[in-house]
Number of protein chains: 2
Amino acid sequence: MDSGTNVLDLSQLRRSCSSCALSELCLPAGIGNDDLERLDTAVRDKRTLDRGGMLYRDGDPFEALYVVRSGSLKTFVQDDSGDVQILGFHLPGEIIGFDALASNRHVSQAEALERSSICELPYARLQQVTSEVPALHRQLMRVISREVIEEHRHLVMMGRQQAQEQLAIFLKSLADRYQRLQRDSTALTLSMSRYDIANYLGLVVETVSRLFSRLEEMGVLEVNRKSVRICRPDLLAELCRSSPVAASKQRDAG
Amino acid sequence: MDSGTNVLDLSQLRRSCSSCALSELCLPAGIGNDDLERLDTAVRDKRTLDRGGMLYRDGDPFEALYVVRSGSLKTFVQDDSGDVQILGFHLPGEIIGFDALASNRHVSQAEALERSSICELPYARLQQVTSEVPALHRQLMRVISREVIEEHRHLVMMGRQQAQEQLAIFLKSLADRYQRLQRDSTALTLSMSRYDIANYLGLVVETVSRLFSRLEEMGVLEVNRKSVRICRPDLLAELCRSSPVAASKQRDAG
DNA sequence: GGTTCGACTTGACCTCGGTCAATCCGGAAT
DNA sequence: ATTCCGGATTGACCGAGGTCAAGTCGAACC
């Protein structure tokens, strides 16, 4: 992604929601102009992270929610023995940090996959604003709900799909989000490693590697390290649906 | 569970949060008495479902959140081809229905696993009340956040654990929730079928069946159809932790 | 009390994806 | 330019768990 231009953004550090190109994809979506100004008062400022930089760690006190402005991050949980499970990859416009609402501590971690800039929404201030702007409150609930639904998808992918379908769904989901961002949805730049992808899908890296090769042989993709061209979006979509796996992993087992 | 007594509860249909034994486990947890009365005004009434009865279906308009008062439910998503993925099993005190906040339609389904009674929180009224009672608003956010975290656990279980550990974790989680409800946490009554358990864990029913047998041989459990006695809670806890599976499913794959 | 039906169990077998190991490749450092 | 190193790929092999098939068991119904 265009990490080169992000550096320049620093000059516009105090840039607000009202003028942000992401507003339609972000928290402000569907909020009136006057309320938008109010929301602006809740946005502290922008924070920049380099590749590998941590936005928050397990156990950190809950201070804010975060919106990805540019770049990308991964969120993950890590157990005592150091074992990691990646929960998601987050592109511009996406909001993270909700895990900390329950206990006022983060119970997951967020790490930049590339140079990224982030909007910080200090929760104390956000709460003030939401109490004054009911629409924003509802919008915030909607966003968390979307997070819940997104996790449902992740769960279905892991529980019901074959490895190949999983990778197809993963790529399709990235492509769809590229489209929302008005990027070319057939030219993906994978900011995460193969290890990350494997972990996210509950597979091992060798399997993911083989699957990329197989999809390339099938003519669905052209893969070159981190860049993936989707030659046949139609086929890719097809692969997401096919092979109901363990179809006997039954229907409604009432 | 004691489905016999639930019928009698019908006489107390208009029972409120203030007098409900579950209040400490439910939405009211940590809310002052005066605010509690306010919350009462948002609780419509109780609804009773028989085994197999649907609380809501995919596509249903969002009308309310629901609290399980007695009995148990499963929530699940179902794709076009009828394939099901169970998202969770829900015991008394637990709140469901958050999936509908995003789009004002449910995108999952909830079905009673046994005769169950449910408190309905019509969202329109709930919204009124939360706007008047900020504490309740925060509490509601906390509850959704807990849902997010619970799904993280489900994801880790599916992605990182062996089948045996998965079943151990599932049983342990049930036992822990029994304890919160002050039931005997060593004597579980599985209201869901083996098919449901398998589906929830991303396994097939034969595997689950074999695992129950194995855990019985190991002296951890005594299994008799739907009733499971946990003979060695210590061993069970041990099994939840062991065998980091595909340990090479790496640590932090920066 | 026998029949039926569906949930559950058990066994024999096979496959998908994990394991282990050898290599490739590109970027960074010397 | 050469070395180094970590990510990525590829191959050979293996095993946990899925598949298929044959029971068993208990509850419901006549």
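The figures that follow rest on heavy atoms only: side chains count, while hydrogens, waters and symmetry mates do not.
B:Gln164 places its CD atom 17 Å from the P atom of D:dG15, with the value rounded to the nearest Å. Distance, B:Tyr195 OH to C:dT9 P: 10 Å, rounded to whole Å. Rounded to an integer number of Å, the gap from CD of B:Gln161 to P of C:dG18 is 15 Å. Atom CE of B:Met192 is separated from atom C1' of C:dA7 by 15 Å (rounded to the nearest Å). Rounding to whole angstrom units, CG of residue B:Leu221 and C1' of C:dC8 are separated by 16 Å. The CZ-P distance, from B:Arg194 to C:dT10, rounds to 10 Å in whole Å. If you take CG of A:Asn224 and C1' of D:dA8, they are 12 Å apart, rounded to a whole angstrom. Distance CD1 (B:Ile197) to P (C:dT9): 9 Å, rounded to an integer number of Å.
Using a 4.5 Å heavy-atom threshold, the side chains of A:Gln85 and A:Asn199 count as touching.
Between A:Lys74 and A:Asp196, at least one side-chain nitrogen of the basic residue sits less than 4.0 Å from a carboxylate oxygen of the acidic one, meeting the salt-bridge criterion. Between B:Arg177 and B:Glu94 a salt bridge is recorded (basic side-chain N to carboxylate O distance below 4.0 Å).
Distance from the side chain of B:Ala163 is smallest to D:dG17 among D:dT10, D:dA8, D:dG17. Distances from the side chain of B:Leu203 to the nucleotides D:dG18, C:dT10, D:dA8 place D:dG18 closest.
Partners of A:Asp80 according to the side chain to side chain donor-acceptor pair (under 3.5 Å) rule, which considers only residues two or more places apart in sequence or in another chain, do not exist here. Every residue meeting the side-chain contact (heavy atoms from CB on, under 4.5 Å) condition with A:Glu222, not counting sequence neighbours, appears here in chain and number order: A:Arg229, A:Cys231. Qualifying side-chain contact (heavy atoms from CB on, under 4.5 Å) partners for A:Glu120, counting only residues two or more places apart in sequence or in other chains: A:Arg44, A:Asp45, A:Arg47, A:Ala64, A:Tyr66. By the side chain to side chain donor-acceptor pair (under 3.5 Å) test, B:His90 is found to be paired with B:Thr75, residues two or more places apart in sequence or in another chain being considered. Under the side-chain contact (heavy atoms from CB on, under 4.5 Å) criterion, B:Ser108 pairs with B:Tyr56, B:Val77, B:Leu87, B:Asp99, not counting sequence neighbours. Here A:Leu25 pairs with A:Leu22, A:Arg180, A:Leu181 under the side-chain contact (heavy atoms from CB on, under 4.5 Å) rule; sequence neighbours left out.
No hydrogens or angles were tested; on distance alone, nothing pairs the side chain of B:Glu206 with the base of C:dC8 as donor and acceptor under 3.5 Å.
Within the structure, the salt bridge (charged side-chain N to carboxylate O under 4.0 Å, His left out) test picks out the following pairs touching residues 147-159 of chain A (sequence neighbours left out): A:Glu150-A:Arg153. Residue pairs that meet the ring pair (Phe, Tyr, Trp, His ring centres under 6.0 Å) test with at least one member in residues 206-227 of chain A, sequence neighbours left out, do not exist here. Residue pairs meeting the side-chain hydrogen bond (donor to acceptor under 3.5 Å, both in side chains) criterion with at least one member in residues 201-211 of chain B, sequence neighbours excluded, do not occur.
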Could you go over nucleotides 23-29 of chain C and give all protein N or O partners under 3.5 Å, atom names and distances?
none

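A residue-by-residue look at A:Thr207 and B:Lys226 shows that B:Lys226 has its nearest nucleotide of DNA chain C further toward the 5' end.
Of the residues in residues 208-216 of chain B, those lying under 4.0 Å from DNA chain C by heavy-atom distance are B:Ser209, B:Arg210, B:Ser213.
Across its full length, the helix from C:dG1-D:dC30 to C:dT30-D:dA1 shows an angle of 40° between the axes of its 5 terminal pairs at either end, rounded to 10 degrees.
Regarding contacts with the backbone of D:dA16, every side-chain N or O of B:Gln162 stays at 4.0 angstrom or more from both OP1 and OP2.
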